[in-house]
Amino acid sequence: MKGSNSFLVAFALLGFACSLASAFDPDPLQDFCVALKDTENGLNKPGNTSNLVGSNVTTVNVDQIPGLNTLGISLARLDFAPYGGLNPPHIHPRGTEILVVVEGTLYVGFVTSNPDNRLFTKILNPGDVFVFPIGLIHFQFNIGQTKAVAFAGLGSQNAGVITIANAVFGSNPPINPDVLTKAFQLDKNVVTYLQSRF
C-alpha cells in the first residue's frame, strides 16, 4: 500500500510539473526596449522598383529598430512600378499582415489552406485596407498605369517572409528536379530552366 501511495504522489507531482512546464506568459517579458535614434530606418523614401518583379519592400522590424523587441509589431513600405509591379506570392510564417494603399491601384489576394485552396481577391484604391492571415500565400499586383505605394503592419516584431518561387526554384542546394517535375506536373526542362532563373 505504501508503494502505491508513493506512486500516486510521484505521478501527481509529475503531472503538476508538466502543467507548469507547458505554461507560458503570452505578454512581453519587459515593458519596452529603448533604442538609439536612427534616422536611416524611416519609411519616407521610395524603394527602387527597377528589378525583375517591379517592386520593392522596405521593412522596419526588430532588426532595423531594436525598440520593437517584444512588442509584436513591425511595418513595411511597398513600392510598385506602374502597371505590372508585383510583390510575388509569399507567406509570413510568424505574422498576420494588414495592408493600406496610399497611392495607386493594387489587385491583391490570398489563398486558403488545403484542401480548399480558395482564392480571395480585391482591387484596392487609396485608403482601402486588406488583411492577409498568418502563414497563407498572398500577393499584391499594381494594375494601375501609375506607381503604387502601400504600407503594411505585421503582427510580429519579425514576421519573416518566404517568397514561394524563390524558395521552391532557388533553394540552396537545389531541390531535385524530379521532385519539382512531379509536384508541378511540368516538363523537366521547364523545371531546370526555372531553377536557373532563381
Side-chain angles (χ1 to χ4, degrees), residues 43 45-64 72-172 174-175 179-186 190-191 193-198:
L43 296 176
K45 297 177 186 168
N48 183 357
T49 60
S50 61
N51 53 52
L52 290 175
V53 294
S55 72
N56 185 284
V57 178
T58 306
T59 57
V60 177
N61 61 31
V62 72
D63 293 334
Q64 289 78 35
I73 57 170
S74 57
L75 288 171
R77 175 186 173 132
L78 295 82
D79 290 281
F80 299 87
Y83 191 80
L86 171 70
N87 189 10
H90 62 281
I91 66 168
H92 300 292
R94 296 181 296 275
T96 293
E97 175 181 345
I98 184 167
L99 181 95
V100 61
V101 175
V102 296
E103 185 178 341
T105 304
L106 295 177
Y107 168 68
V108 304
F110 68 87
V111 180
T112 63
S113 57
N114 296 344
D116 295 333
N117 298 317
R118 186 168 174 203
L119 174 65
F120 288 89
T121 64
K122 188 169 183 178
I123 293 175
L124 304 179
N125 295 297
D128 289 340
V129 174
F130 197 83
V131 175
F132 304 100
I134 186 172
L136 294 185
I137 295 173
H138 61 282
F139 61 88
Q140 299 97 23
F141 183 69
N142 184 0
I143 59 171
Q145 298 302 318
T146 61
K147 72 177 185 172
V149 179
F151 288 90
L154 296 121
S156 170
Q157 68 185 28
N158 187 355
V161 64
I162 300 170
T163 305
I164 307 305
N166 294 22
V168 172
F169 296 107
S171 67
N172 185 15
I175 297 172
V179 172
L180 300 180
T181 297
K182 189 163 190 169
F184 289 97
Q185 300 294 298
L186 295 172
V190 173
V191 169
Y193 170 75
L194 289 170
Q195 286 181 314
S196 74
R197 300 285 293 165
F198 290 92

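What's counted below: heavy atoms across the whole structure, side chains too, no hydrogens, waters or symmetry copies.
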More than 12 heavy atoms of other residues, nucleotides or ligands under 6.0 Å from CG of Leu119: yes or no?
yes
Does Ile137 CD1 have over 12 foreign heavy atoms under 6.0 Å away?
no
Rounded distance [0.5 Å steps], OG1 in Thr58 versus CG in Asn48:
10.0 Å
Nearest 0.5 Å, please: how far is CG in Leu75 from CD in Gln64?
11.0 Å
So, taking the atom named CG in Asn61 and the one named CD1 in Ile73, what distance separates them when rounded to the nearest 0.5 Å?
11.5 Å
Test item: His90 side-chain N/O and Ile162 main-chain N/O as donor-acceptor pair under 3.5 Å
no
Taking everything shown except Phe198 itself, do over 12 heavy atoms lie less than 6.0 Å from its CZ?
yes
Verify, without hydrogens or angle tests, whether Ser74 (side chain) and Ser156 (backbone) share a donor-acceptor contact under 3.5 angstrom.
yes
Which residue pairs pass the salt bridge (Lys or Arg N to Asp or Glu O under 4.0 Å) test when at least one of the two sits in residues 74-84, sequence neighbours left out?
Arg77-Asp79
Chi angles and distances behind the side chain to side chain contact (heavy atoms under 4.5 Å, CB included) call for Leu186, Leu194
CA-CA 11 Å; Leu186 295 172; Leu194 289 170; 4.3 Å; yes
Taking all non-hydrogen atoms of both residues, which atom of Ala152 and which atom of Leu78 are closest, and how far apart?
CB-CD1, 3.9 Å
Applying side chain to side chain contact (heavy atoms under 4.5 Å, CB included), run through Phe132 and Leu99 and close with a yes or a no.
CA-CA 8 Å; Phe132 304 100; Leu99 181 95; 3.8 Å; yes
For residues 100-112, run the donor-acceptor check on the side chains, cut-off 3.5 Å, and write out each pair with its distance to 0.1 Å, sequence neighbours left out.
from, atom 1, to, atom 2, distance (Å)
Thr105, OG1, Asn125, OD1, 3.2
Thr112, OG1, Arg118, N, 2.8

Sub-3.5 Å donor-acceptor pair from the side chain of Thr49 to the main-chain atoms of Phe80, do we have one?
no
